[in-house]
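To keep things clear, I will list the structure first and then write my remarks on it.
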Amino acid sequence: MNKFPVLEIFGPTIQGEGMVVGRKTMFVRTAGCDYSCAWCDSAFTWDGSAKDEIERLTADEIVARLKETGGTQFDHVTISGGNPALLAKLDELITPLHQQGIEVALETQGSRWQDWFPKIDDLTISPKPPSSKMNTNWDILDGIIQQLRDHQRLTNTSIKVVIFDETDLAYAEDVHERYPDVAFFLQVGNDDLEESKPATLASELLDKYEWLIDQVVASSRLNRVRVLPQVHALVWGNKRGV
Ligand SMILES: C[S@@+](CC[C@H](N)C(=O)[O-])C[C@H]1O[C@@H](n2cnc3c(N)ncnc32)[C@H](O)[C@@H]1O
Ligand SMILES: Nc1nc2[nH]cc(C(=O)O)c2c(=O)[nH]1
Ligand code: SF4
Ligand SMILES: [Mg+2]
């Protein structure tokens, strides 16, 4: 059986972001990313700082660990990273979860397609705006959205763009116009990843949320959209594993 690089298994908590915000869920965080975003809030998945914590687990071992950690108090698992779309055989995990009546969500940036994407119940694709210093490969992103459309999975798909400044907003407008039939979310960027007091961070993030709402309200290119903060960051700050 395949072994997957896993950095964290935690929960139940709530999905703090995007299309199923508030949903009670477990998290599986895989190690490794093909990007290195300037503001990545999970840089430990790819920058080497947590390399000693990476476990190589089979799908059966991940399911067992989810049950040890979450007991019977969950029916939804979110796979994030790093980029879990680097893992070609991840359907070995998705299938047994589905067989046990557990829904599966995935967070990825839209840089790689995998044939198991159509099996995901809540698929979030988060292309990266200029502030990340990453470049979007539009051919690949177009291909991913087209494949999901062909598989009639766009109702299970959302696009979520993190916003730090006006340049990011213009990028978000372009993305939304390029894929107008995909549910679109704008998310507050957290640029204070060192802050250790949740209340201080929350107050900063709420100011940024108000700014982002104002920008979206004023834009005629962003109408059928939703604007959200990272709820987990408001509640627990920059803490890991929540
Ligand atoms: C850590 S990433 C892992 C999944 C995948 N690599 C991706 O970026 O979509 C999970 C989500 O957190 C978002 N994110 C990362 N750093 C952030 C930050 N500083 N502020 C707000 N959102 C952030 C990403 O854009 C993505 O939507
Ligand atoms: N509660 C909670 N919600 C989240 N939504 C996306 C997360 C991620 O890091 O991918 C995340 C996370 O780490 N925690
Ligand atoms: S793509 Fe996701 S995990 Fe990778 S560096 Fe960017 S935010 Fe972090
Ligand atoms: Mg996160």
Side-chain angles (χ1 to χ4, degrees), residues 5-47 50 70 74 76-87 90 104-112 114 117 120 122-134 136 140-141 144 157-165 168 171-172 175 184-195 198 201-202 204-206 208-209 211-212 226-242:
V6 175
L7 254 173
E8 297 182 309
I9 292 175
F10 63 88
T13 179
I14 54 142
Q15 168 57 268
E17 307 178 12
M19 67 191 294
V20 289
V21 68
R23 177 69 157 94
K24 184 178 177 183
T25 190
M26 297 290 293
F27 276 87
V28 175
R29 191 181 301 285
T30 63
C33 194
D34 46 326
Y35 278 13
S36 53
C37 298
W39 36 252
C40 180
D41 65 7
S42 305
F44 62 92
T45 62
W46 52 265
D47 69 4
F74 71 96
H76 189 277
V77 171
T78 304
I79 307 169
S80 186
N83 186 6
L86 297 177
L87 305 172
L90 208 58
V104 182
L106 188 95
E107 305 267 340
T108 187
Q109 63 264 40
S111 59
R112 301 280 178 97
Q114 290 292 351
F117 276 10
I120 297 292
D122 308 305
L123 177 59
T124 295
I125 297 174
S126 184
K128 294 299 177 267
S131 63
S132 70
K133 305 275 195 271
M134 298 296 111
T136 303
I140 289 178
L141 191 55
I144 291 172
T157 304
S158 71
I159 294 175
K160 178 175 75 185
V161 179
V162 176
I163 306 294
F164 285 81
D165 55 31
D168 291 350
Y171 172 91
V175 174
F184 195 83
F185 292 78
L186 297 111
Q187 173 164 303
V188 175
N190 174 5
D191 66 0
D192 194 2
L193 299 170
E194 302 302 316
E195 177 56 58
L201 185 67
E204 292 169 5
L205 292 176
L206 286 174
K208 293 186 191 303
Y209 188 29
W211 173 82
L212 183 56
R226 291 178 166 81
V227 188
L228 284 173
Q230 291 176 296
V231 175
H232 55 102
L234 293 180
V235 177
W236 297 293
N238 287 315
K239 199 167 144 197
R240 239 178 87 172
V242 290

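Atoms within a ligand are numbered from 1 in the order they appear, just like the ligands themselves.
- A salt bridge is absent between Asp122 and Arg23: the closest approach of a Lys/Arg side-chain nitrogen to an acidic carboxylate oxygen does not fall below 4.0 angstrom.
- Against a heavy-atom cut-off of under 4.0 Å, Ser42 is close to the following atoms of ligand 1: 1 (C).
- For the residue pair Leu7 and Thr45, the shortest heavy atom distance occurs at CD1-CA, 3.4 Å.
- When only interatomic distances are considered, the shortest N/O to N/O separation between Gln15 and ligand 2 falls below 3.5 Å.
- At least one heavy atom of Val188 sits closer than 4.0 Å to an atom of ligand 1.
- Each of Pro84, Pro5, Ser80 was evaluated against Arg29; a single residue qualifies, Ser80, per the side-chain contact (heavy atoms from CB on, under 4.5 Å) test.
- Considering backbone and side-chain N/O atoms, Gly16 comes within less than 3.5 Å of an N/O atom of ligand 2.
- Side chains of Glu195 and Asn190: a donor-acceptor N/O pair is absent below 3.5 angstrom, by distance only.
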**Request:** Begin from the C-alpha positions of Phe185 and Leu228 and carry the test side-chain contact (heavy atoms from CB on, under 4.5 Å) through to its verdict.
**Result:** CA-CA 7 Å; Phe185 292 78; Leu228 284 173; 4.0 Å; yes

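- By the criterion of a heavy-atom distance under 4.0 Å, neither the backbone nor the side chain of Asp41 is placed next to ligand 2.
- The closest protein non-hydrogen atom to atom 20 (N) of ligand 1 is Asn190 N, 2.9 Å.
- Close contacts between ligand 1 and Lys160 involve ligand atoms 27 (O) [criterion: under 4.0 Å to a heavy atom].
- Remark: ligand 1 atoms within the under-4.0 Å shell around heavy atoms of Gln230 are 20 (N), 21 (C), 22 (N), 23 (C).
- The shortest heavy-atom distance from Gly82 to ligand 1 is under 4.0 Å.
- With contacts defined as side-chain heavy-atom distances shorter than 4.5 Å, the pair Val162/Gln187 qualifies.
- Below 3.5 Å of separation, one finds an N or O of Gln109 facing an N or O of ligand 1.
- The shortest N/O to N/O separation between Ile14 and ligand 2 falls below 3.5 Å.
- Atoms of ligand 2 found under 4.0 Å from any heavy atom of Val242 (numbered from 1 in listed order, with element): 1 (N), 2 (C), 12 (C), 13 (O), 14 (N).
- In terms of heavy-atom proximity, Ala38 sits nearest to Ser131 at CB-O, 3.7 Å.
- An N or O contact shorter than 3.5 Å is missing between Trp236 and ligand 2 by distance.
- The protein non-hydrogen atom at the shortest distance from atom 11 (C) of ligand 1 is Glu17 OE1, 3.7 Å.
- Residues Lys24 and Pro12 come closest through the heavy atom pair CE-CB, 3.9 Å.
- In this structure the side chain of Lys133 never reaches within 4.5 angstrom of the side chain of Trp39, judged on heavy atoms.
- At a heavy-atom distance under 4.0 Å, no atom of Thr45 approaches ligand 1.
- Residues Gln109 and Met134 are not in side-chain contact: their nearest non-hydrogen atoms beyond the backbone lie 4.5 Å or more apart.
- Of the heavy atoms in Val231, none comes closer than 4.0 Å to ligand 2.
- Counting heavy atoms from C-beta outward, Leu86 and Arg112 have side chains that approach closer than 4.5 Å.
- Here the heavy atom of the protein found nearest to atom 8 (C) of ligand 2 is Ser80 OG, 3.6 Å.
- For ligand 1, the atoms sitting less than 4.0 Å from at least one non-hydrogen atom of Ser126 are 9 (O), 25 (O), 26 (C), 27 (O), numbered in the order shown with element in parentheses.
- Counting only heavy atoms from C-beta outward, the side chains of Phe117 and Leu106 approach each other to under 4.5 Å.
- Contacts between Arg29 and ligand 2 below 4.0 angstrom, taking non-hydrogen atoms only, involve the side chain exclusively.
- Shortest non-hydrogen contact noted between Ala85 and Gln114 is O-NE2, 2.9 Å.
- Residue Gln187 places at least one N or O, backbone or side chain, under 3.5 Å from an N or O of ligand 1.
- For ligand 1, the polar-atom distance check against Ser80 finds no nitrogen or oxygen pair separated by under 3.5 Å.
- Contacts between Asp41 and ligand 1, counted as non-hydrogen atom pairs separated by less than 4.0 Å, involve both the backbone and the side chain.
- Only the backbone of Thr108 comes within 4.0 Å of ligand 1, judged by heavy-atom distances.
- Those atoms of ligand 1 that come under 4.0 Å of a heavy atom in Cys40, given as number and element, are 16 (N).
- When all heavy atoms are compared, the tightest approach of Asp168 to Pro129 is OD1-CB, 3.3 Å.
- Heavy-atom minimum distance, Ile140 versus Gly110: CG2-O, 3.8 Å.
- Polar contact with ligand 1: present for Lys128 (N/O pair, distance under 3.5 Å).
- Within the model, atoms OH of Tyr209 and CG of Leu186 stand 10.5 Å from one another, a figure rounded to the nearest 0.5 Å.
- Of all the atoms in ligand 1, the ones that sit under 4.0 Å from a non-hydrogen atom of Gly189 are 20 (N), 21 (C).
- Those atoms of ligand 1 with a heavy atom of Gly81 less than 4.0 angstrom away are 1 (C), 3 (C).
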